[in-house]
A.B. asks: 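Have a look at this one.
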Amino acid sequence: MKREYPLEGIELGEEPDGQWASPEDYAALYAGVTHHLSALSPSLKLGGPSLQNFEDQLLTWPDASGNRSWMNRFLNYIHRAGSRFDFFSFEFYPFDDVCSAAVPKLLQTPKRLGAVIASIRADGVPAAIPWLMTEYGYSVFAGRHEVDLPGALFNADTVGTFLTLGGRKAYQYGYEPNYLADELKCSWGNLMILQLEQNSERLNRLAGYYGAQLVTKEWMQSTNGLHEIFPATVKQQNFASPPFLYVYPMHRPDKQWALLAINKHARRTARLNVQFNLSRAERPVTFAGQVELIQFSPQQYAWHDAGPNGHPIRSLPPRHFSREASQFYDLPPYSLTVLRGKLPN
């Protein structure tokens with residue numbers, strides 16, 4: 001504050017649940033810090049606690065009443081203390097096993113994130129305050145999937161799911177350039193979007209780099225204007241197979257509709273039939289006029305697995321093209337696609 005840096009808010013905490021801190025002890029520390037910071041800057045947003053990823057409900061040892069909910073006991077304490085709690089934050093790293101196939105895990109991502117959010121709501125975190133995912137990534141461990149296309153698909157799917165479920169902001173982990181690592185002795189990778197090569201000044205743009213660009217610059221607008229996200233229903237012809245296609249519709253400040261479509265099948269092209277069910281329309285409508293398509297798939301990116309010397313052998317930005325609106329749009333295997341256009345007046 002002395003240097004007059006513009007601060008919107010301060011996140012207080014770093015995985016206190018994972019450090020085995022009791023909720024009351026951490027809440028006492030949180031209350032003292034928020035009291036001091038509020039006196040320095042009443043307008044500063046204060047929140048936390050940056051919960052680490054968990055399954056089902058976040059439990060701890062029971063208190064005198066038998067309550068084992070870590071977050072509920074933390075909230076009870078700061079409420080009694082009269083402390084501010086302007087936003088809630090948590091982390092999402094769902095897959096400890098980076099050695100096995102990626103597709104089954106990619107299919108689990110929306111459900112697992114939804115279960116985490118439902119559990120937190122059940123613990124009493126207010127829905128009226130902003131929810132922030134202040135770290136997210138495929139795994140806390142390094143592995144190949146993070147530097148290949150599955151990592152890019154996971155990141156986009158996580159953002160789409162989180163915003164659809166009411167989340168306010170999501171912060172991807174791993175912006176800084178880094179080296180490959182093999183933590184679990186099964187594959188080389190890392191949570192990064194830019195790769196440094198050993199004994200070289202070369203900087204490689206990884207799949208996550210282009211995936212982040214597609215989400216933030218093509219699906220969304222680079223502006224502070226209001227973006228509205230809507231739920232989507234994907235109906236597939238083959239009901240015997242799991243759903244590999246996920247779609248996240250966005251209404252942008254420029255009045256365009258943008259669909260973020262993720263095909264998680266590693267070998268099969270998906271054909272998407274787009275229909276909008278608007279409350280003001282008598283029947284479903286489709287895109288009208290020109291539709292912009294931005295696609296990122298194996299045609300743009302391929303990883304060469306060579307242990308510590310692994311690197312992309314193809315690293316191209318997403319493909320941009322436009323076409324007349326039609327009934328169907330083809331989505332390549334293992335791909336991210338943004339379809340962007342306007343609806344009939």
Side-chain angles (χ1 to χ4, degrees), residues 8-38 44-98 105 108-141 154 158-159 161-174 183 191:
E8 178 184 351
I10 296 179
E11 180 187 37
L12 302 173
E14 171 58 20
E15 305 176 5
D17 55 310
Q19 309 305 322
W20 299 105
S22 78
E24 289 77 17
D25 288 345
Y26 171 71
L29 178 61
Y30 176 93
V33 174
T34 55
H35 177 75
H36 180 70
L37 291 177
S38 296
L44 195 62
K45 302 295 183 184
L46 303 173
S50 185
L51 293 178
Q52 80 173 30
N53 181 45
F54 56 93
E55 297 293 335
D56 300 321
Q57 191 177 17
L58 176 59
L59 300 177
T60 184
W61 47 86
D63 62 9
S65 66
N67 187 356
R68 297 188 59 205
S69 168
W70 196 100
M71 195 62 200
N72 183 255
R73 286 165 54 181
F74 164 77
L75 291 170
N76 290 339
Y77 188 104
I78 64 171
H79 178 72
R80 292 192 300 267
S83 301
R84 289 169 49 191
F85 191 58
D86 300 320
F87 64 87
F88 164 73
S89 67
F90 72 104
E91 303 173 3
F92 185 61
Y93 297 100
F95 305 123
D96 288 343
D97 177 15
V98 295
K105 293 182 172 57
Q108 298 172 19
T109 301
K111 183 178 180 180
R112 293 184 71 157
L113 180 53
V116 168
I117 291 177
S119 173
I120 296 169
R121 286 176 177 159
D123 283 339
V125 176
I129 64 173
W131 287 39
L132 278 59
M133 188 190 299
T134 46
E135 288 185 29
Y136 69 89
Y138 186 90
S139 175
V140 295
F141 301 107
F154 168 86
T158 296
V159 172
T161 300
F162 182 58
L163 296 180
T164 300
L165 294 175
R168 182 70 60 87
K169 297 179 181 180
Y171 297 85
Q172 181 176 329
Y173 181 86
E183 290 183 293
L191 275 174

A.B. asks: Search all heavy atoms of Pro16 against all heavy atoms of Ser50 and return the closest pair with its distance.
C.D. replies: CD-O, 4.0 Å
A.B. asks: Counting only heavy atoms from other residues, nucleotides and ligands, does the tally under 6.0 Å from CH2 of Trp61 exceed 12?
C.D. replies: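 Atom CH2 in Trp61 is crowded, with more than 12 foreign heavy atoms closer than 6.0 Å.
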A.B. asks: Restricting to ring-ring contact (aromatic ring centres under 6.0 Å, His included), what partner residues turn up for Phe85, sequence neighbours left out?
C.D. replies: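 Here the qualifying residues are Phe74.
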A.B. asks: Check whether more than 12 heavy atoms from other residues, nucleotides or ligands sit under 6.0 Å from atom CD of Glu8, and answer yes or no.
C.D. replies: no
A.B. asks: Can you label the angle between the Tyr173 ring and the Tyr93 ring as parallel, tilted or perpendicular, going by 30° and 60°?
C.D. replies: perpendicular
A.B. asks: Decide side chain to side chain donor-acceptor pair (under 3.5 Å) for Ser65 and Asp63; before the verdict, give the C-alpha distance in whole Å, the side-chain angles of both, and the deciding distance to 0.1 Å.
C.D. replies: CA-CA 5 Å; Ser65 66; Asp63 62 9; 2.9 Å; yes
A.B. asks: Students often mix this up, so state it plainly: with edges at 30° and 60°, are the rings of Trp131 and Phe90 parallel, tilted or perpendicular?
C.D. replies: perpendicular
A.B. asks: Work out which heavy atom in Lys169 is nearest to a heavy atom in Phe162; give both atom names and the distance.
C.D. replies: O-CE2, 3.1 Å
A.B. asks: Any carboxylate oxygen within less than 4.0 angstrom of a Lys/Arg side-chain nitrogen, looking at Glu11 and Lys45?
C.D. replies: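 No, this pair does not count.
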A.B. asks: Does this structure show an ion pair linking Glu24 with Arg73, if we count only N-O contacts that are shorter than 4.0 Å?
C.D. replies: yes
A.B. asks: Which distance, rounded to the nearest 0.5 Å, do you find between the OH of Tyr136 and the CG of Leu191?
C.D. replies: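 These two atoms lie 11.0 Å from each other.
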A.B. asks: Given side chain to side chain donor-acceptor pair (under 3.5 Å), test Ser69 with Asn72 step by step and report yes or no.
C.D. replies: CA-CA 5 Å; Ser69 168; Asn72 183 255; 5.0 Å; no
